[in-house]
Chemist: 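One structure coming up, written as structure tokens, with questions to follow.
Computation of the quantities below employed the complete heavy-atom set of this structure, encompassing side-chain atoms and omitting hydrogens, waters and symmetry-equivalent molecules.
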Protein chains: 2
Amino acid sequence: MNQVPPRTIVSRRSRPAKSPLSREAIVEAALAILEQQGEGGLSMRNIAKRLDTGAASLYVYFANTDELHAALLDHVFSEVVLPAQQGNWRDRLKDLLISYHGVLEARRGLAQLALSSIASGPNSLRIWECILRLLSEGGVGATTAAWGVDLLVLYVTSIAAEQALHTTDDRGLTRVASVLSAVTADEFPHLHRLRGDMISDDGPNRSQWAIDVIIDGLSARSPPA
Amino acid sequence: MNQVPPRTIVSRRSRPAKSPLSREAIVEAALAILEQQGEGGLSMRNIAKRLDTGAASLYVYFANTDELHAALLDHVFSEVVLPAQQGNWRDRLKDLLISYHGVLEARRGLAQLALSSIASGPNSLRIWECILRLLSEGGVGATTAAWGVDLLVLYVTSIAAEQALHTTDDRGLTRVASVLSAVTADEFPHLHRLRGDMISDDGPNRSQWAIDVIIDGLSARSPPA
DNA sequence: ACCTGAACACCGTTCAAGT
DNA sequence: ACCTGAACACCGTTCAAGT
């Protein structure tokens, strides 16, 4: 009976007490904005506004926009699932890349962001290491593996970015589609014949297929001369 | 003797007579800026300044920045060399992609621009058609070919963009390099062992190798189920 | 050390007014 | 029809001044 009940008036405040700034809090706010407003909302001023402060305050924690973006990317890369130890190396590599792709796809604008930044945070390192391990397990030569990591990550990021461009930008795919449908069999016979296939099935099938293509290519390749 | 000699004073003016605006002239100006100042200089206001006018004038010819960028891209794609009719299809496809890569590489910031726009101008169509022709010549299935076009173009663009990021941004590669050199053999054994290879030889060898990888993968693949 | 308002030098886009 | 200055609503980054 000694306990004083919490004063509900405090927790009823429409705005919670302003939490202190930190790299973590800023990244969190940026992530929330990315989800709600897409890449366009990801400005210093806008992120600062959500934290009830001015843009200048963010410069205490990040030297510039690039650095904040890199931190944001590494933060979401923590969600990438590294495959278990057992099983075929190809399947596991594929799983890893699909997980990576899924993380980029899950948040609007994230893939575009990943394309324009060079991530090299701790979670990127984890992922690179895992890909290297799987490739060397598969007997891929050292140089091929080293170059392959870069290639695989870049490639999956590009696929995600392109799909995002197609799905979010109404302009994008529609314009390509209308251009393709206007193509004549005389001028561009192959385009004309395959124009249906070129736009079709922009979903998981297509990205899985694309990942298969590059893994096939990599494992077929001997180290560069 | 009736002819009046041209008044040289006119042609001696330090600034040539202001040429009339046109889509062509605007794209030309944008291209010149891209070469001199990189992607950062490619703003409506800056392009307009080079043409001795205000940004508003450009909106007579282009609905927005995206449209101007697309026109700029298609303009440079006219330089892509389509391979001759004779010869092995793989070699010809490789030549085409290397030419495409070279065009993107030749101008600072162009590859980044290509990644963020969806080009669908006449020169893109020419290139797509040619790739389709080569792939079907190589016996690649219809659906694989249709998806492959997208994939190949995207892939080569990404490679060019990444190389540009590494070469122009001093920050970029240097940061990755310093992160990699700080990696310990205990935490990340594979990264540690291959860290030298991962940064090495970011030149034509690497992009040609990357192009080989994907062509191998594509030609090994049967059409998706 | 951390935070901030104000300032500087920029953006894309629109629009009323001119030719 | 084409062109334009001015305005609107934004940017990133810096810096002197506050705590």
Side-chain angles (χ1 to χ4, degrees), chain A residues 15-34 36-73 109 112-113 116-118 165 168-172, chain B residues 15-34 36-73 109 112-113 116-118 165 168-172:
Chain A
R15 218 181 241 284
K18 195 174 154 180
S19 47
L21 284 182
S22 67
R23 285 179 68 99
E24 188 68 18
I26 294 170
V27 166
E28 218 75 70
L31 200 54
I33 288 174
L34 189 67
Q36 286 160 23
Q37 301 165 239
E39 213 190 348
L42 222 52
S43 74
M44 293 304 233
R45 292 175 121 101
N46 203 30
I47 296 167
K49 203 193 299 170
R50 169 175 283 257
L51 295 165
D52 264 323
T53 182
S57 305
L58 306 186
Y59 287 83
V60 176
Y61 299 93
F62 296 99
N64 51 43
T65 316
D66 274 359
E67 223 184 63
L68 199 160
H69 287 178
L72 175 59
L73 276 175
Q112 289 290 337
L113 196 67
S116 56
S117 296
I118 303 184
L165 210 61
T168 59
D169 271 22
D170 284 338
R171 297 165 286 176
Chain B
R15 219 181 241 281
K18 194 174 153 180
S19 46
L21 285 182
S22 66
R23 284 179 68 98
E24 188 68 17
I26 294 169
V27 166
E28 218 77 68
L31 200 54
I33 288 174
L34 189 67
Q36 287 160 22
Q37 301 165 239
E39 213 191 348
L42 222 53
S43 74
M44 294 303 234
R45 290 174 123 102
N46 203 28
I47 296 166
K49 203 194 299 172
R50 171 176 283 257
L51 294 164
D52 263 323
T53 183
S57 305
L58 306 186
Y59 286 83
V60 177
Y61 299 94
F62 297 98
N64 50 44
T65 317
D66 274 359
E67 224 185 62
L68 199 161
H69 288 176
L72 174 60
L73 275 175
Q112 288 290 339
L113 196 67
S116 56
S117 296
I118 302 184
L165 211 59
T168 58
D169 271 22
D170 283 339
R171 297 165 287 175

Chemist: Taking all atoms of both residues into account, what is the closest heavy-atom pair of B:A25 and B:L51, and its distance?
Modeler: O-CD2, 4.1 Å
Chemist: Return the 5'-most residue of the pair B:S22, B:R45 with respect to DNA chain D, ranking by each residue's nearest nucleotide.
Modeler: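 Looking at the nearest nucleotide for each, B:S22 comes out on the 5' side.
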Chemist: Among the candidates C:dC11, C:dG12, C:dT4, find the nucleotide nearest to the side-chain atoms of B:T65.
Modeler: C:dG12
Chemist: Do you know the tightest heavy-atom contact between A:N64 and A:Y59?
Modeler: CA-CE2, 4.1 Å
Chemist: By the 4.0 Å heavy-atom rule, please label B:S43 as base, sugar-phosphate, or nothing.
Modeler: sugar-phosphate
Chemist: Counting only side-chain heavy atoms from C-beta out, which of D:dG12, C:dC2, D:dC2 sits nearest to A:V60?
Modeler: C:dC2
Chemist: Evaluate side-chain contact (heavy atoms from CB on, under 4.5 Å) for A:L113 paired with A:L72, printing each intermediate quantity in order.
Modeler: CA-CA 9 Å; A:L113 196 67; A:L72 175 59; 3.7 Å; yes
Chemist: Quick check for you: among C:dG12, D:dT13, D:dT4, whose closest atom lies nearest to any side-chain atom of B:L21?
Modeler: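 Within the option list, the nearest is D:dT4.
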Chemist: Measuring only between side-chain heavy atoms, which start at C-beta, is A:E39 closer than 4.5 Å to A:H69?
Modeler: no
Chemist: Find the partner of D:dT19: check Watson-Crick (N1-N3 plus N6-O4 or O6-N4) and G-U wobble (N1-O2, O6-N3) distances, both under 3.5 Å, and reply none if neither fits.
Modeler: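 Base-paired to C:dA1.
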Chemist: Would you mind telling me which of D:dC3, D:dG12, C:dT4 lies closest to the side-chain atoms of A:S57?
Modeler: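 The answer is C:dT4.
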Chemist: Given the C1' atoms of C:dC11 and D:dC8, what is the spacing between them in whole Å?
Modeler: 12 Å
Chemist: C:dA17 and D:dC2: how far apart are their C1' atoms, nearest whole angstrom?
Modeler: 13 Å
Chemist: Show the nearest heavy-atom pair for residues B:S22 and B:Y61, with the distance to one decimal.
Modeler: CA-CE2, 3.8 Å
Chemist: Does B:T53 have a side-chain nitrogen or oxygen under 4.0 Å from the phosphate oxygens OP1 or OP2 of D:dC3?
Modeler: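 Checking B:T53 against D:dC3: no side-chain N or O falls below 4.0 Å of OP1 or OP2.
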Chemist: D:dC11 pairs with which nucleotide, Watson-Crick or G-U wobble, both distances below 3.5 Å?
Modeler: none
Chemist: OP1 or OP2 of D:dC3 versus the side-chain N and O atoms of B:Y61: is any pair under 4.0 Å?
Modeler: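 True: B:Y61 side-chain N/O within range (under 4.0 Å) of D:dC3 OP1/OP2.
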Chemist: Whole-Å distance between C:dG12 P and B:K49 NZ?
Modeler: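 In whole Å, C:dG12 P and B:K49 NZ are 11 Å from each other.
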Chemist: What distance, rounded to whole Å, do you find between the two C1' atoms, one in C:dC3 and one in D:dC15?
Modeler: 13 Å
